[in-house]
Amino acid sequence: MRIVIVGGVAAGMSAAARARRHDESAEIVVLERGKEVSFANCGLPYHVSGEIEKASSLLLHTPASLRAALNLDVRTRHEVLSLDVDARTVTAQSPDGLVTLSYDALVLAPGAAALRPPIPGIDSTRVHTLRTVSDAVALRERVTGGDRRAVVLGAGFIGLEAAEALRAAGLEVHLVERADHVLPPLEQELATLVRGELAGLGIRVHDGVSAVRIENRPEVDTVLLDDGTAIGADLVVLSVGVAPDTGFARDAGLETTRGAILVDERGRTSAPGVWAAGDATASPSAVTGAVTPVALAGPANRAGRLVADDIFGIAGARPIPAPFGTAIVRVGGLTVGLTGANRAALDAAGIAYRTLHLHPNQHAGYFPGATALHLVVHVGAEGGRLLGAQAVGADGVDKRIDVIATAMRSGLAASDLIDLDLSYAPPYGQAKDAVNLVGMVAENVLAGRLRLWYAADLDDVRAEALVLDVRSAAEFATGHIPDSLNIPHTQLRERLGEVRDAADGRPVRVLCAAGVRSNIAHRVLANNGFDSASLSGGIQTLEHWYGARIDRTLTREGAHA
């Protein structure tokens, strides 16, 4: 049996290794277009910064080591040009000319290629991508060779990592993002925190704008943005996204969507004897069902392994699970994690949901070093299905996002999080862990004990309701919504008459710093017949939602009108 695998790195090498463990007699040939067949592509930015000193540390295996360990025939610098599904052959361009191979089973794992938008001047020698070890080496050489000014186009995961790496290496860095905020999959109120951290690192962020031209000059390039900004650059990193590298597969008639190969739950394509896995395939979201590529190493590695199981008809072989898209990234002193769907995806799918905002400490507040963990969690409006979670914080983000991702895979509802028996000691968490608190808030909301209002609704709330701020007078003075009434929550029961007079028949919309005290106040009001609701996440979420505009939203004592 001959198995031909197109592409190495994650999905391809996982399929090859698993196939060998199933059958010692199979001939397994891996065709890889690049110079390296197995490398840690997620580690590339950290070589650019110098945190990973040697590029060789990124190389996981070589053709020789794979031959020795797994008896794999790995052929680098072999770019597949065409596929004949009827004849069951693939043709590749090798250093020695065209090579045609027949196959009994074919696994397509060609990955994705960096997008190159049609910007005049983008072919400048100063423009680089960051997809391979060679890319990382080239960037590192420029960083250590005297480049002082860099522009990163695109503020997704790789763009953020590249910008941080270049800044850590001492360069002046400008980060350009066409979307309204950095890291577009992140919710707006959390992206504000990331933008602030980038500014703290000294990275200049240009969001809501695009590069329209790169002017090439002998000494320096100039990146021109559509708002008229001109930025001098010794180095430009192109990180505006990737596209499945599947031209030969489409030409062969394989079914695709938006360039990605369509596969079933076993990784089978529309052609008999052909499987596919990794960044080049489209997968249905585990939350919304939307079929899109998911360019993440974890799902790619697991899919390659399961494809090999299906090729050999292994009894009890599991299907490839639909991904939640769990991801994490470091930005300076912050960690950003997410899993499941965000608002945009849920809205596009027409899924009804409720959003929860929490700001608990990552460990016991009385233990030194306690910092806030900012959480946004979406739950199904009926039944409380966990739909998505995002977190930003200095510590503890990975643990909470991974626990919630595990709960989602297990089919737990939001209220089930209350009962998770999580480890606790003061340096690591709280007796009521942040994840447990998500469950408690979700249960209260779904049961109707807690009604929420949101920062996005502030204008309507101010026009139609009394805003009741239940923080202390000192907190109120630091910044409050104009025309709001301040009654600390500990005094509310005795001052309900003031609330009734000020409301004058209007609803009451309560807020505090993070949503805890306003929940207490809401229960007092609701039990006394008021139409009440609590601001989700309190003033903290309000400030994060409005970002730089918050000073036009809040009144601060002593500030000039």
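- The pair Arg195-Glu177 does not count as a salt bridge, with every side-chain nitrogen at least 4.0 angstrom from each carboxylate oxygen.
- Closest approach of Pro360 and Leu437 over heavy atoms only: CB-CD1, 3.8 Å.
- Pairs engaging residues 480-505 under the ring pair (Phe, Tyr, Trp, His ring centres under 6.0 Å) rule: Phe476-His480 [sequence neighbours left out].
- Pairs passing the ring pair (Phe, Tyr, Trp, His ring centres under 6.0 Å) check and including a residue from residues 190-209, sequence neighbours excluded, read His174-His206.
- The 12-atom threshold is exceeded at CZ of Arg549, counting heavy atoms of other residues, nucleotides or ligands nearer than 6.0 Å.
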Candidate pair Trp453 and Leu511, rule side-chain contact (heavy atoms from CB on, under 4.5 Å), full reasoning: CA-CA 9 Å; Trp453 67 280; Leu511 63 89; 4.1 Å; yes

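- A donor-acceptor pair under 3.5 Å is absent between the side-chain atoms of Thr129 and the main chain of Arg131, judged by distance alone.
- Side chain of Asn444 to main chain of Leu450: no donor-acceptor pair is present (N/O by atom type, distance under 3.5 Å, no hydrogens or angles).
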In sequence, state the C-alpha distance, the side-chain angles, and the governing distance for Asp221 and Val151, and then conclude on side-chain contact (heavy atoms from CB on, under 4.5 Å). CA-CA 10 Å; Asp221 281 0; Val151 175; over 6 Å; no

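- At most 12 heavy atoms of other shown residues, nucleotides or ligands fall within 6.0 angstrom of atom CG in Asp180.
- Heavy-atom minimum distance, Val470 versus Ala521: CG1-CB, 3.8 Å.
- When side chains are defined from C-beta on, Val438 does not count as touching Val379, because their heavy atoms never get closer than 4.5 Å.
- Within the 4.5 Å cutoff, the side chain of Val209 has no heavy atoms near those of the Thr229 side chain.
- Taking both residues in full, the closest heavy atoms of Ala473 and Asn486 are given as CA-OD1, 3.6 Å, listed atom of the first, atom of the second, then distance.
- A salt bridge is absent between Arg142 and Asp234; no separation between the charged side-chain nitrogens and carboxylate oxygens falls under 4.0 Å.
- Note: Arg500 CZ to Leu466 CG = 12.0 Å, rounded to the nearest 0.5 Å.
- For residues 397-420, every residue pair satisfying the side-chain hydrogen bond (donor to acceptor under 3.5 Å, both in side chains) rule, not counting sequence neighbours, is listed here: Arg400-Asp433.
- Counting only distance, with no hydrogens or angles, the side chain of His357 and the backbone of Gly538 share no donor-acceptor pair below 3.5 Å.
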Please determine whether side-chain contact (heavy atoms from CB on, under 4.5 Å) holds for the pair Val336 and Leu186, giving the CA-CA distance in whole Å, both sets of side-chain angles, and the decisive distance to 0.1 Å. CA-CA 9 Å; Val336 182; Leu186 198 64; 3.7 Å; yes

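- Side chain of Arg506 to main chain of Ala502: a donor-acceptor pair is present (N/O by atom type, distance under 3.5 Å, no hydrogens or angles).
- The two residues Leu166 and Val143 make their nearest non-hydrogen contact at CD2-CG2, 3.6 Å.
- A salt bridge is defined here as a Lys NZ or Arg NE, NH1 or NH2 lying under 4.0 Å from an Asp or Glu carboxylate O, and Arg126 with Asp147 fails to meet this definition.
- At distances below 3.5 Å, at least one donor-acceptor pair connects side-chain atoms of Arg116 with backbone N or O atoms of Ile122.
- Side-chain atoms of Asn436 come within 3.5 Å of backbone atoms of Leu417 as a donor-acceptor pair (strictly under, hydrogens ignored).
- At least one donor-acceptor pair closer than 3.5 Å links the side chain of Gln362 to the backbone N or O of Thr371.
- Here the shortest heavy-atom pairing between Val220 and Ala233 reads CG2-O, 3.2 Å.
- Asp207 places no side-chain N or O within donor-acceptor distance of the main-chain N or O of Ala179, the cut-off being under 3.5 Å.
- Taking a 6.0 Å sphere around CD of Glu382, one finds it holds 12 or fewer heavy atoms contributed by other residues, nucleotides or ligands.
- Here the CD1 atom belonging to Ile203 is positioned 10.5 Å from the CG atom belonging to Leu171, to the nearest 0.5 angstrom.
- For the pair Val441/Val377, no side-chain contact is recorded, criterion being any heavy-atom separation below 4.5 Å from C-beta on.
- For the pair Arg354/Tyr454, a side-chain contact is recorded, criterion being any heavy-atom separation below 4.5 Å from C-beta on.
- A 4.5 Å side-chain heavy-atom check between Leu525 and Leu496 finds at least one atom pair inside the cut-off.
- Leu115 places none of its side-chain heavy atoms less than 4.5 Å from the side chain of Val242.
- By the 4.5 Å heavy-atom criterion applied to side chains, Val176 and Val152 are not counted as neighbours.
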Would His544 and Thr192 count as a side-chain hydrogen bond (donor to acceptor under 3.5 Å, both in side chains) if you check the C-alpha gap in whole Å, the side-chain angles of each, and the deciding distance to 0.1 Å? CA-CA 6 Å; His544 299 164; Thr192 299; over 6 Å; no

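- Side chain of Glu475 to backbone of Ser472: a donor-acceptor contact under 3.5 angstrom is found.
- The structure places CG of Leu224 at 4.5 Å from CD of Glu215, a figure rounded to the nearest 0.5 Å.
- Across all their heavy atoms, Ala391 and Leu375 have their closest contact at CB-CD2, 3.6 Å.
- Side-chain atoms of His374 never come within 3.5 Å of backbone atoms of Glu189 as a donor-acceptor pair (strictly under, hydrogens ignored).
- Expressed to the nearest 0.5 Å, how far CD1 of Ile481 lies from OG1 of Thr555 amounts to 9.5 Å.
- Interatomic distance, Ile539 CD1 to Trp545 CH2, rounded to the nearest 0.5 Å: 15.5 Å.
- Leu198 is not listed as a side-chain neighbour of Val173, based on a closest heavy-atom distance of 4.5 Å or more.
- Around the CG atom of Asn527, the shell of radius 6.0 Å holds more than 12 heavy atoms that belong to other residues, nucleotides or ligands.
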In sequence, state the C-alpha distance, the side-chain angles, and the governing distance for Glu498 and Gln491, and then conclude on side-chain contact (heavy atoms from CB on, under 4.5 Å). CA-CA 11 Å; Glu498 293 180 45; Gln491 303 174 19; over 6 Å; no

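- Ion pairing between Asp531 and Arg509 holds under the 4.0 Å rule for side-chain N and carboxylate O.
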Stepwise salt bridge (charged side-chain N to carboxylate O under 4.0 Å, His left out) check, Arg204 with Glu172: CA-CA 8 Å; Arg204 175 74 181 276; Glu172 173 190 317; over 6 Å; no

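- Atom CG of residue Asn342 and atom CG of residue Leu190 lie 11.0 Å apart, to the nearest 0.5 angstrom.
- Screening Glu197, Glu161, Glu164 for a salt bridge (Lys or Arg N to Asp or Glu O under 4.0 Å) with Arg330, the sole residue that qualifies is Glu164.
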